[in-house]
Amino acid sequence: MIFSGQSNVPLAQEIADNLGVPLGKSTTERFANDCLFVRYEQSLREGDVFIIQSLTPPVQDHLVELLMMIDAAKSSSAARVTAVIPYYAYARSDKKDAPRISITARLVADLIQTAGADRVLTMTLHSAQVHGFFKIPVDHLSAEPVIANYFATRVENLENAVIVAPDAGDLKRASALARRLALPLAFIDKQRLSDTEVTSRGLVGNVKGRTALIIDDEVSTAGTLVQAVDVLKQNGAEAVYAAFTHGVYVGPAIERIEKSPILEVAATNTCLYKGQPSPKLQTLSVGPLFAEAIWRTHRGESVSSLFT
Ligand code: R5P
């Protein structure tokens with residue numbers, strides 16, 4: 001049984017269509033006092049229930065709705081409940097890197113488990129160790145095959161390209177993609193100044209005369225992206241493309257992308273884009289990948305072998 005929270009119904013519908021099952025019926029309402037109300041409109045007894053909810057803005061609403069849906073499914077006698085979280089917000093709060101702060105990625109994991117989830121299915125966590133905050137099984141999908149296919153089909157003269165990690169946190173991901181596409185790797189030494197501003201201390205690697213292909217887990221305000229594009233252009237890159245698993249696109253993101261000399265920005269549909277269409281933005285679908293992972297989970301088959 002596939003149900004959707006309100007954050008990304010088109011992705012949930014795509015997953016259900018790929019599985020050949022109807023999207024389950026549920027209602028979410030908001031009381032006058034701002035509290036949410038969730039109710040399933042069909043029996044869940046002994047069902048293998050998958051609840052799809054991306055933790056996109058408004059993050060707190062979507063998180064609480066997910067927790068309520070898990071709780072209601074458990075108390076409606078579902079046999080098993082899997083929280084399918086294509087975009088896991090708070091994943092960047094994964095360590096105590098300042099005094100007196102919350103490791104919120106762990107707190108969110110605690111909440112999901114306390115609500116009663118038996119499993120989690122997610123994609124491209126900001127840092128893989130967030131996986132370890134859960135005591136229940138987590139299947140951590142990768143958008144790498146989808147992104148590799150985008151670059152391979154979209155970029156002319158791919159053999160003249162270079163994969164770029166826009167910060168240290170992306171090096172492993174970028175290196176894996178570079179190996180998959182048999183391309184060299186470059187890396188930008190990024191320093192974050194604030195939530196929306198970043199600066200760079202330079203580039204490691206050679207991009208001169210090449211097409212630079214940036215890969216990152218998410219684009220949020222696009223500060224990291226436009227800074228990386230500037231550095232790449234200053235170092236002689238001929239053209240720049242970027243691909244992200246999560247296109248969160250908040251605040252000045254779209255304006256920054258429009259003004260930047262970047263040719264195209266692609267992101268998967270883990271996050272529903274509600275902004276104005278832009279010729280620079282491409283959406284890549286991960287619906288079939290989630291559907292296959294759900295099917296395999298339901299049948300008790302290996303999910304990791306999807307990526308080998
Ligand atoms: C940070 O380490 C992440 O990998 C992304 O680079 C970051 O979330 C992007 O945020 P923004 O688009 O706001 O620079």
Side-chain angles (χ1 to χ4, degrees), residues 54-59 85-98 101 103-105 108 122-131 140-144 147 163-178 185-205 212-233 240-262 264-268 270-275 278 280-284:
S54 264
L55 301 180
T56 49
V59 177
I85 310 172
Y87 173 64
Y88 188 98
Y90 286 114
R92 286 157 74 179
S93 304
D94 61 351
K95 57 194 155 311
K96 196 161 179 201
D97 53 5
I101 63 167
I103 302 175
T104 317
V108 170
T122 188
M123 180 170 263
T124 315
L125 292 164
H126 171 66
S127 57
Q129 56 267 32
V130 169
H131 190 148
H140 183 194
L141 304 183
S142 165
E144 189 187 303
I147 288 175
I163 300 291
V164 179
D167 61 36
D170 287 302
L171 258 177
K172 264 194 166 175
R173 247 187 301 269
S175 164
L177 183 68
L185 182 66
F187 149 67
I188 292 171
D189 186 8
K190 167 179 120 177
Q191 192 184 352
R192 186 166 282 286
L193 301 175
S194 71
D195 183 27
T196 56
E197 301 294 331
V198 305
T199 185
S200 143
R201 299 199 313 145
L203 171 89
V204 180
L213 310 179
I214 298 171
I215 175 172
D216 201 346
D217 56 328
E218 70 174 63
V219 51
S220 183
T221 66
T224 303
L225 174 62
V226 292
Q227 174 68 24
V229 176
D230 287 350
V231 171
L232 293 167
K233 282 289 189 187
V240 186
Y241 290 80
F244 302 87
T245 303
H246 310 297
V248 192
Y249 299 122
V250 292
I254 302 301
E255 196 187 335
R256 283 174 164 176
I257 290 169
E258 295 290 353
K259 284 187 184 153
S260 160
I262 191 160
E264 198 166 271
V265 177
T268 82
T270 56
C271 302
L272 179 62
Y273 179 66
K274 294 182 183 156
S278 159
K280 279 195 176 177
L281 299 186
Q282 288 281 338
T283 303
L284 315 174

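For ligands, and for the atoms within them, numbers begin at 1 and follow the listed sequence. Just so you know, these numbers come straight off a predicted model, no measurement behind them.
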Expected list for residues 91-98: side-chain donor-acceptor pairs under 3.5 angstrom, two or more places apart:
unit_1, atom_1, unit_2, atom_2, d
Arg92, NH1, Glu218, OE2, 3.2
Asp94, OD2, Ser127, OG, 2.3

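- Under the rule for a ring-ring contact (aromatic ring centres under 6.0 Å, His included), Phe244 has no partner lying at least two apart in sequence or in another chain.
- Expressed to the nearest 0.5 Å, how far CG of Leu284 lies from OG1 of Thr245 amounts to 9.5 Å.
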* **Test salt bridge (charged side-chain N to carboxylate O under 4.0 Å, His left out) applied to Glu144 and Lys172, step by step** => CA-CA 12 Å; Glu144 189 187 303; Lys172 264 194 166 175; over 6 Å; no
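- By the ring-ring contact (aromatic ring centres under 6.0 Å, His included) test, Tyr90 pairs with no residue at all, sequence neighbours left out.
- A side chain to side chain donor-acceptor pair (under 3.5 Å) with Lys190 holds for exactly one of Thr224, Asp170, Thr199; it is Thr224.
- Protein residues with a heavy atom closer than 4.0 Å to ligand 1 are Arg92, His126, Asp167, Asp170, Lys190, Arg192, Asp216, Asp217, Glu218, Val219, Ser220, Thr221, Ala222, Gly223, Thr224, listed by chain and number.
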